[in-house]
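In this text, all values refer to a predicted model and were calculated from it rather than measured experimentally. So that the names make sense, note that chain A is the first sequence line, chain B the second, and so on, each numbered from 1.
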Amino acid sequence: MVLDWSTEKIKAFRRALLDWYDQEKRDLPWRRDHDPYHVLLSETMLQQTQVATVIPYYEHFLQLFPTVAALAKAPEAQVMKAWEGLGYYSRARHLQLAAKQVVLDFGGLFPETAAELRTLAGIGPYTAGAIASIAFNQPEPAIDGNAFRVFARLLKIDADITRPQTRQVFDDLIRQLIDPQRPGDFNQAIMDLGSSYMRAKDPDPAHSPLAAFDQSYLSDTVLDYPVKSKKKPPVVIPYFALVVHSPQGYLLMQRPRTGMLGDLWMFPLVDRSALPAASLTAQLTEAAAQFAAETGVQLPFTDAGKPLVKHTFTHQQWQLTLIEAASPAFDLAVLPARWVAEADLATVALPTVQKKLFKALAVGGMK
DNA sequence: CAACCGTGGTT
DNA sequence: TAACCAAGGTT
């Protein structure tokens, strides 16, 4: 799509945006320099995650893994532990994979083009554009939720931003507007604008430095943009959480690398919706049978008498009933499982839902 | 392409 | 409070 703005108008737009950014840009840890590793780390953590949440994780992660080489050679378990609580855990695995790719495929130096950056694990069109523009000064759009919202409002773009093909519409338009001298600052200024005057809720378009360019503001239709379709509600799944405690600690299983909470450690779960029996007693027996089939150990599980633990993810709501059995320690060598004493809880990466389960049991000072 | 993948904050 | 939102990527 061709933008019908004059050259003068485009220059005035860039000037208004960058002058404002020079005065008002946020002071953020990842803006201390333009190191591509710092940009990659911050952009990855910021995916679908708020700035205030990311800041302490970013600082801690950089202390543990100061360079891309240090991250590449770190134990994966330590990387996952550093990501604990941040969510979308495949980001952590992909980030370390990307670090290894930089070391092995690019001699330890980040590639500088968006196309090459896209070959790194976990780097999609947004993150590639962000690194290329911020670290390497290339005129690449970085189209995140802010950019979608800001340009949808500025230009009154009606395309549904949840549809993949819509990205191209915005990409074409932003390429005509991006400042060729300061593309990184241009992209970051759009993000700052999208989190302030042009935020999703309760925006203040009248005081935006781009108010004069904002077609939605000028027509009093700001909240009509961006256009996006609604998400489906989460599916409810009932589980038993199997609490097996021995003198060596609690039995935790490492979840499969793919799927929900991949690589993290949890109590074994049994999907109750897959159990045929109706009564609680019959379901406890069936859960014990499934546990025995997996471990070779038959244990008498009983209801732990704890309240139902609920945890809602993007697409699922888990309703967890704690059931428990005491046991001597037994061999777990053939399973992705281990006994974890309370003192060792700090050494394994636990998802938030598992911390809720420990809290319900009043274990490890979790609250 | 649509579905999947976490968590915490806000209204 | 249920719904929505927050610097997306992978399959």
Side-chain angles (χ1 to χ4, degrees), chain A residues 25-26 28-31 38-58 80 83-95 97-98 117-131 133-135 140-150 160-168 170 184 186-196 198-203 223 226 228-237 255-264 266 310-318 349-356:
Chain A
K25 68 177 178 183
R26 289 174 289 178
L28 300 169
W30 44 90
R31 287 182 175 173
H38 296 166
V39 179
L40 170 61
L41 176 60
S42 61
E43 296 299 344
T44 302
M45 287 186 164
L46 285 162
Q47 289 167 14
Q48 303 291 286
T49 309
Q50 297 185 1
V51 168
T53 301
V54 166
I55 289 174
Y57 280 92
Y58 177 83
M80 299 309 294
W83 210 269
E84 178 185 276
L86 202 51
Y88 287 146
Y89 297 97
S90 67
R91 290 185 293 177
R93 276 195 311 280
H94 287 145
L95 180 63
L97 265 177
L117 287 162
R118 283 292 303 275
T119 69
L120 301 178
I123 296 187
Y126 164 73
T127 305
I131 299 173
S133 64
I134 298 170
E140 291 286 338
I143 313 173
D144 66 340
N146 287 304
F148 275 121
R149 181 173 56 261
V150 166
D160 183 343
I161 66 168
T162 66
R163 297 177 56 188
Q165 62 197 58
T166 298
R167 172 173 293 275
Q168 190 61 49
F170 284 75
F186 179 95
N187 286 330
Q188 293 182 91
I190 293 297
M191 296 178 209
D192 278 17
L193 202 55
S195 65
S196 58
M198 299 186 72
R199 69 179 73 89
K201 293 180 179 176
D202 190 30
L223 294 183
K228 57 197 303 187
S229 51
K230 292 180 180 176
K231 301 172 191 169
K232 296 178 182 176
V235 176
V236 175
I237 306 178
R255 296 181 57 83
R257 212 175 166 70
T258 57
M260 290 282 291
L261 310 175
D263 276 352
L264 274 67
M266 280 200 74
K310 292 185 183 181
H311 189 80
T312 303
F313 302 94
T314 307
H315 294 286
Q316 298 176 7
Q317 183 190 74
W318 289 4
L350 308 173
T352 296
V353 63
Q354 177 60 44
K355 295 194 174 189
K356 282 191 189 178

**OP:** Select base, sugar-phosphate, or nothing to describe what A:Trp30 touches, counting heavy atoms under 4.0 Å on all strands.
**Re:** base
Subject >> Base-pairing string, 5' to 3', of DNA chain C - Watson-Crick or wobble, under 3.5 Å, | interstrand >> reply: .|||||.||||
**OP:** Please state the C1' separation for the pair B:dC1 and C:dG9 - nearest whole angstrom.
**Re:** 14 Å
Original post:
In terms of side-chain geometry, is the basic nitrogen of A:Arg26 or A:Asp192 positioned less than 4.0 Å from the acidic oxygen of its partner?
Top reply: yes
Subject >> Pairwise P distance for B:dC5 and C:dA6, with rounding to whole Å >> reply: 23 Å
Original post:
Do any side-chain nitrogens or oxygens of A:Arg199 fall under 4.0 Å of OP1 or OP2 in C:dA7?
Top reply: no
Subject >> Residue pair A:Phe313, A:His311: steps toward the ring-ring contact (aromatic ring centres under 6.0 Å, His included) verdict >> reply: CA-CA 7 Å; A:Phe313 302 94; A:His311 189 80; 4.7 Å; yes
Subject >> For DNA chain C, the residues among residues 122-130 of chain A that have a non-hydrogen atom under 4.0 Å from it >> reply: A:Gly122, A:Ile123, A:Gly124, A:Pro125, A:Tyr126, A:Thr127
Subject >> Contact nearer the 5' end of DNA chain B, comparing A:His315 with A:Arg163 >> reply: A:Arg163
Original post:
Separation of A:Ile131 atom CD1 from C:dG9 atom P, in whole Å?
Top reply: 10 Å
**OP:** Using a 4.0 Å cut-off on protein heavy atoms (strictly under), produce a 5'-to-3' string for nucleotides 6-11 of chain B with B for base contact, S for backbone-only sugar-phosphate contact, and - for none.
**Re:** BBBSB-
Original post:
Of A:Pro164 and A:Gln316, whose closest DNA chain B nucleotide lies nearer the 5' terminus?
Top reply: A:Pro164
Original post:
Quantified in whole Å, what is the C1' atom distance between nucleotide B:dA3 and nucleotide C:dA7?
Top reply: 22 Å
Original post:
Hey, is the side chain of A:Lys231 poking within less than 4.0 Å of OP1 or OP2 on C:dC4, counting only N and O atoms?
Top reply: no
Original post:
Which pair of heavy atoms, one from A:Gly129 and one from A:Ala142, lies closest together, and at what distance?
Top reply: C-CB, 4.0 Å
Original post:
Between C:dG8 and A:Arg167, is there an OP1 or OP2 to side-chain N/O distance shorter than 4.0 Å?
Top reply: no
